[in-house]
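Remarks on the structure that follows.
These numbers come from a predicted model, not from an experiment. Position 1 is the first residue of the sequence, and the numbers go up from there.
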Amino acid sequence: LVGAPRSGTSWLQNMLLSHPACCGGQESHLLASMAHLERDFERKAGLPRPHGLAAYLTRTEFINALRNMWRTTFRVTIEQSPGAGVLIEKTPDHALHLDLAREILPHCKVIHLVRDSRSVIASLIRASRSEWGRDWAPGSVDSAAARWVECVESAETEGRMLGTDRFMRVHYEELHRTPVPIIERILDFTGLDGDRSLINSMIEDHRIEVAREKRETPVKLRGHLAGEPSQ
């Protein structure tokens, strides 16, 4: 589950985790960490005298090692939910690393949650002024807008590579307005069952998270970020 930061991914993850067949936990940032390792591996593998991990592993062995790291990381989470068949891993910035996800997790499915850029920018700026968000949230309109564009464009580019069977785009505003059909689509996409009473319960139990997000005031922007046609 990916998206630009402050796009509502925590809200959607919590709704999905209230399904008895789902499990998950805190953001792992695992793909981002793996991407750093991969870049270092590729750089050193291309040197006249390869060193580092490239001196010990082939690329296939390296990717297998990353895959094993993924399994090890989430093993306890999965074992603690024996009735679950789907792991919901939510890290917004993994939108930037779906190329690696395609390689190490060949059967994974990706849900990309897209929120109006103006709301995301306002939320990021507000977060940057708080103690908990000071270290990671962009503090200006330009930098927050660039973050939104980077995440959305990267996710959509990789989404075309994954195809419709493995990539689903969900719009935050549509999920807020008509949650029932959207959750039904998500459950179908992930291969999960859910009757209407379960879906209603998943939605109602997390209404407060929507109310909290609605308190954020959008920043007034111009151009294609505000929904106007790009030139």
Side-chain angles (χ1 to χ4, degrees), residues 1-18 23-40 43 66 69-70 73-74 76-77 87-101 110-159 169-176 205-227:
L1 175 55
V2 303
R6 311 303 295 162
S7 289
T9 52
S10 294
W11 169 46
L12 179 54
Q13 183 198 31
N14 286 333
M15 274 200 288
L16 295 178
L17 288 181
S18 63
C23 65
Q26 296 291 328
E27 297 176 7
S28 72
H29 297 272
L30 189 52
L31 287 177
S33 299
M34 289 177 172
H36 287 297
L37 284 175
E38 182 193 29
R39 286 193 293 270
D40 186 68
R43 181 179 65 83
L66 296 184
M69 183 187 298
W70 179 278
T73 299
F74 296 107
V76 172
T77 298
L87 171 70
I88 306 293
E89 200 292 320
K90 187 275 292 187
T91 301
D93 281 352
H94 281 175
L96 305 175
H97 307 292
L98 295 181
D99 54 339
L100 186 57
V110 176
I111 300 172
H112 179 207
L113 185 59
V114 183
R115 187 180 183 188
D116 186 283
S117 59
R118 295 164 294 185
S119 297
V120 169
I121 292 166
S123 187
L124 284 171
I125 293 173
R126 180 177 178 180
S128 74
R129 296 168 181 166
S130 67
E131 184 176 354
W132 71 273
R134 192 173 298 129
D135 293 335
W136 59 267
S140 71
V141 171
D142 286 346
S143 58
R147 185 75 169 274
W148 183 89
V149 171
E150 180 185 30
C151 289
V152 171
E153 288 188 347
S154 180
E156 290 298 310
T157 297
E158 287 302 318
R169 182 192 311 108
V170 175
H171 289 278
Y172 172 93
E173 291 76 20
E174 186 179 2
L175 179 61
H176 172 58
D205 287 347
H206 298 92
R207 288 284 185 189
I208 189 171
E209 297 180 38
V210 182
R212 183 171 61 247
E213 291 291 340
K214 285 180 68 179
R215 290 200 299 268
E216 313 249 349
T217 302
V219 174
K220 185 176 182 180
L221 299 175
R222 299 179 63 187
H224 70 283
L225 289 178

Less than 4.5 Å apart, any side-chain heavy atom of W136 and any of P5? yes

In terms of relative ring orientation, are H94 and W70 parallel, tilted or perpendicular, with 30° and 60° separating the classes? tilted

Considering all heavy atoms of both residues, which atom of R6 and which atom of L124 are nearest to each other, and what is their separation? CG-CD2, 3.5 Å

Partner residues of S128 under the side-chain hydrogen bond (donor to acceptor under 3.5 Å, both in side chains) criterion, sequence neighbours left out: none

What residues, two or more places apart in sequence or in another chain, satisfy salt bridge (Lys or Arg N to Asp or Glu O under 4.0 Å) together with D40? R43, K44

Over all atoms of both residues, closest heavy-atom pair of L96 and S154: CA-OG, 3.5 Å

Residue pairs passing the salt bridge (Lys or Arg N to Asp or Glu O under 4.0 Å) test where at least one lies in residues 23-33, sequence neighbours excluded: E27-K90

I need the minimum non-hydrogen distance between A95 and G3, along with the two atoms involved. CB-N, 4.2 Å

If you round to the nearest 0.5 Å, how far is OG of S33 from CE of M69? 8.5 Å

Minimum heavy-atom distance between V120 and S7, given as atom pair plus value: CG2-OG, 3.6 Å

Just wondering, do C151 and D93 contact through their side chains at under 4.5 Å, heavy atoms? yes

Holding to side-chain hydrogen bond (donor to acceptor under 3.5 Å, both in side chains), I want the full list of residues that pass it with H97, two or more places apart in sequence or in another chain. none

Once you round to the nearest 0.5 Å, how far does CD of Q26 lie from CD of Q13? 8.0 Å

CG of L30 to CD of E89, rounded to nearest 0.5 Å, is 7.5 Å

Non-neighbouring partners of I111 that pass side chain to side chain contact (heavy atoms under 4.5 Å, CB included), sequence neighbours left out: L1, L12, L16, V170, I186, F189, T190

Shortest non-hydrogen contact from A144 to I121? CB-CG2, 3.9 Å

Suppose we screen for side-chain hydrogen bond (donor to acceptor under 3.5 Å, both in side chains). Which residues come up paired with R169, at least two apart in sequence or across chains? E156

Sorted by chain and number, sequence neighbours left out, side chain to side chain contact (heavy atoms under 4.5 Å, CB included) with S143 holds for P138, S140

As an exercise, state the distance from CG of L175 to CZ of R115, rounded to the nearest 0.5 Å. 11.5 Å

Kindly compute the distance separating CG (D205) from CG (L17), expressed to the nearest 0.5 Å. 12.5 Å

Check A155 against L98 and note the closest heavy-atom contact, atom names and distance. CA-CD1, 4.0 Å

Mind running side-chain contact (heavy atoms from CB on, under 4.5 Å) on S28 and F74 for me, showing each step along the way? CA-CA 9 Å; S28 72; F74 296 107; 3.8 Å; yes

With rounding to the nearest 0.5 angstrom, report the CG to CE distance, L100 to M34. 7.0 Å

Could I get the full list of side-chain hydrogen bond (donor to acceptor under 3.5 Å, both in side chains) partners for R39, not counting sequence neighbours? H36

